[in-house]
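Every chain is numbered from 1, with letters handed out A, B, ... down the list of sequences. No hydrogens, no waters, no symmetry mates; every other heavy atom, side chains included, goes into these values.
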Number of protein chains: 2
Amino acid sequence: MPPTPAVPHGKRPTLADVAARAGVSTALVSIVMRDAKGAGAATRERVLQAAQEIGYRPDTRARLLRSHRSHLLGVQFGLQHPFHSDLLEGVYAVAEPAGYQIALSAVAAGRGEQRATDTLLADRCEALILLGPQAPAARLAELAAQLPVVSVARRLRGSAPGVEVVRTADDEGARQAVDHLVALGHRDIAHIDGGRAPGAADRRRGYRTAMSRHGLADRVRVLPGGLTEEDGAAGARALLDAAPRPTAVLAFNDRSATGVLDTLLRARVPVPDEISVIGFDDSHLARLAHINLTTVGQDIPRLAELAVGRAIARLEGERIPDGEAVVAPRLVIRGTTAEPA
Amino acid sequence: MPPTPAVPHGKRPTLADVAARAGVSTALVSIVMRDAKGAGAATRERVLQAAQEIGYRPDTRARLLRSHRSHLLGVQFGLQHPFHSDLLEGVYAVAEPAGYQIALSAVAAGRGEQRATDTLLADRCEALILLGPQAPAARLAELAAQLPVVSVARRLRGSAPGVEVVRTADDEGARQAVDHLVALGHRDIAHIDGGRAPGAADRRRGYRTAMSRHGLADRVRVLPGGLTEEDGAAGARALLDAAPRPTAVLAFNDRSATGVLDTLLRARVPVPDEISVIGFDDSHLARLAHINLTTVGQDIPRLAELAVGRAIARLEGERIPDGEAVVAPRLVIRGTTAEPA
DNA sequence: CTCGTTCCCTAGAACGTTCTAGTAGCTGGA
DNA sequence: TCCAGCTACTAGAACGTTCTAGGGAACGAG
């Protein structure tokens, strides 16, 4: 049975209303609402009762205005990236128990990163967590001059001083994928890359290095790609026309790998019998029974935990280990890889 | 060349700082920042200059605290629903030009709808837009007693008075799909439904009615499903075992349809040659060249526009047409439907 | 020259909260 | 008896903005 609010619309109850009803000062109500010490048990009860009755809810904006700390972390994310959704889930899970609120700002068509970060700053966030930011390093540096900034998944080689970086060891992930394929007996292993997407350069490099280390430098084949299903599908079509046709392919991410799988199925090329396919991320997609994709898993909860942790550490003046926080990837072997025919 | 902020951290510049630097009152700076009338051209210029120099940004929280209107719309969405992402994009596109800001609150594992709406209320949103809310009608009614609430995609047959509903005509969409298949010559048309998801009941009903109207009541076959790829895949497996095997299937949504397609491809059942498949939503997924799914399109920009429009209309005291806002679906014919073999 | 208007600008209150500095009343020890 | 040290409470300032009221100067009309 929800308590009927005393005031229907527009005027929401304030501390003063509660105070008047309970016959105490607003300061005391504030104390009770914050569960701070300095109020007697009986009065506390009476105040809570009064608050309940008139449906009082604290106004966070006024609260933040007054207290110099806002305990608010701004998170910028891309609306169309499932990977970001997964990260966000982790961010919430870590931040809220630590006593920090999350303010979200989406990057979408017609709403660029500048706009997204501007609103976060205007909301008085204490720190910024940027998921896969694409903004120029200079812009990130500018932000970092104002408040702690954490870049997740985007590497910044000293070009934006002050920005914390949390990322997966992308090159290592690509290496694990290649090692796995080589161990199965593959030699013609192609890579459909991620173009200019965050992490793409490292995965490309990891692939190249691993191939060389196995003496397969001359088999290296990098096909231009991107981070969508379509990019993967296009890459796969190019792959089918190649001679000799590779027996395995490492896609930039799971979305791209899905595109590859689909194209191969359509072309009646059995996976993994004729071609093995590996994705990257271990997103929900890869785990679906009917996709069952072998993939390089990113430790998403760990990435989220590190990102939030670094932001909070910077805010609370703790000492932070120098340099990037790099999380190890882990190959997840499922059904799309096997020995070559 | 970004201007170097005068104050590095913590203390961000305020109106007073700008005022001091420009040699005017804070009230005047406020006027200039809001682009309100009441300031001379020369002074205006000088103030803007000063603001620029010290990197001033208005503090929205303080701003909202003072002005009785907050011009803030709270939007609750599900992190794992691409359809919600698309809607959000539309919401931003409509709200910001209309002078309203958006506060996002995600529903995720471990963060339920109650939590999501609570934070929105604490942030002083003026109205709530809930994307596919699953909360009990009583809770929605409780919210609606406090402020304007719009439910998108979830139908509420009078069980939550005061809640505005904006949705697609799901039954009509299902009808269009069936009509299209019947026109192609199909008679054995199955439906993999959405279980208890918002809209599922209407689509199920629309399918049944349309089948009856074509004299195919005895061919009706509804398979239990859901809103994920896995649900679709499971439905498709059941479908393949059926005798007689249907020649066409209407999935609950595009995600489900993707699962169906994948299962059929794997089973070497050619689409659309042996089985036609229709999805629902016309999400990004369906438009991908390699999926190329015939689907019932929801008019996402229109849904977003109506949702925001109703919220704003309620806030500004405009007269709103009674009843739900129902948007017409439109069948998008692509490559997964054809005449039966 | 005076009066009203208009334009530019300012002082100070207000928004709903938290914080600082205190007051009043009690308990207990010397 | 006195005071130190608690606990329970309050008044009032402060946060950064916008709003209300108004002040002074310039100008045109009478």
Quick one: salt bridge (charged side-chain N to carboxylate O under 4.0 Å, His left out) partners of [X], sequence neighbours excluded?
X: A:Glu89; answer: none
X: B:Glu113; answer: none
X: A:Glu96; answer: B:Arg111, B:Arg115
X: B:Glu126; answer: B:Arg69

In this structure, which one of A:Val152, A:Val75, A:Leu104 forms a side chain to side chain contact (heavy atoms under 4.5 Å, CB included) with A:Val91?
-> A:Val75
To the nearest 10 degrees, how far apart in direction are the end axes of the helix from C:dC1-D:dG30 to C:dA30-D:dT1, each fit to five base pairs?
-> 60°
Going 5' to 3' along nucleotides 13-24 of chain D, which nucleotides have protein heavy atoms under 4.0 Å from the base (write B), which only from the sugar-phosphate (write S), and which from neither (write -)?
-> -BBBBBB-----
Under the ring pair (Phe, Tyr, Trp, His ring centres under 6.0 Å) test, residues paired with B:Tyr100 that sit two or more places apart = B:His71
For B:Ser70, enumerate each residue passing the side chain to side chain donor-acceptor pair (under 3.5 Å) test, keeping only those at least two apart in sequence or located in another chain.
-> none
State the [atom1]-[atom2] distance between [X] and [Y], to the nearest 0.5 angstrom.
X: B:Leu72; Y: B:Leu120; atom1: CG; atom2: CG; answer: 8.5 Å
X: A:Arg314; Y: A:Glu164; atom1: CZ; atom2: CD; answer: 5.0 Å
X: A:Glu142; Y: A:Thr117; atom1: CD; atom2: OG1; answer: 8.5 Å

Below 3.5 Å is the cut-off: list the nitrogen or oxygen pairs between protein and nucleotides 24-27 of chain C, distance only.
none

Residue pairs meeting ring pair (Phe, Tyr, Trp, His ring centres under 6.0 Å), one or both in residues 123-151 of chain A, sequence neighbours left out, come to none
Identify, residue by residue, the members of residues 35-43 of chain A with a heavy atom below 4.0 Å from DNA chain D, and return them in order of residue number, or none.
-> A:Gly38, A:Ala39, A:Gly40, A:Thr43
Which residue pairs satisfy the side chain to side chain donor-acceptor pair (under 3.5 Å) criterion with at least one member in residues 148-159 of chain B, sequence neighbours excluded?
-> B:Arg155-B:Asp202
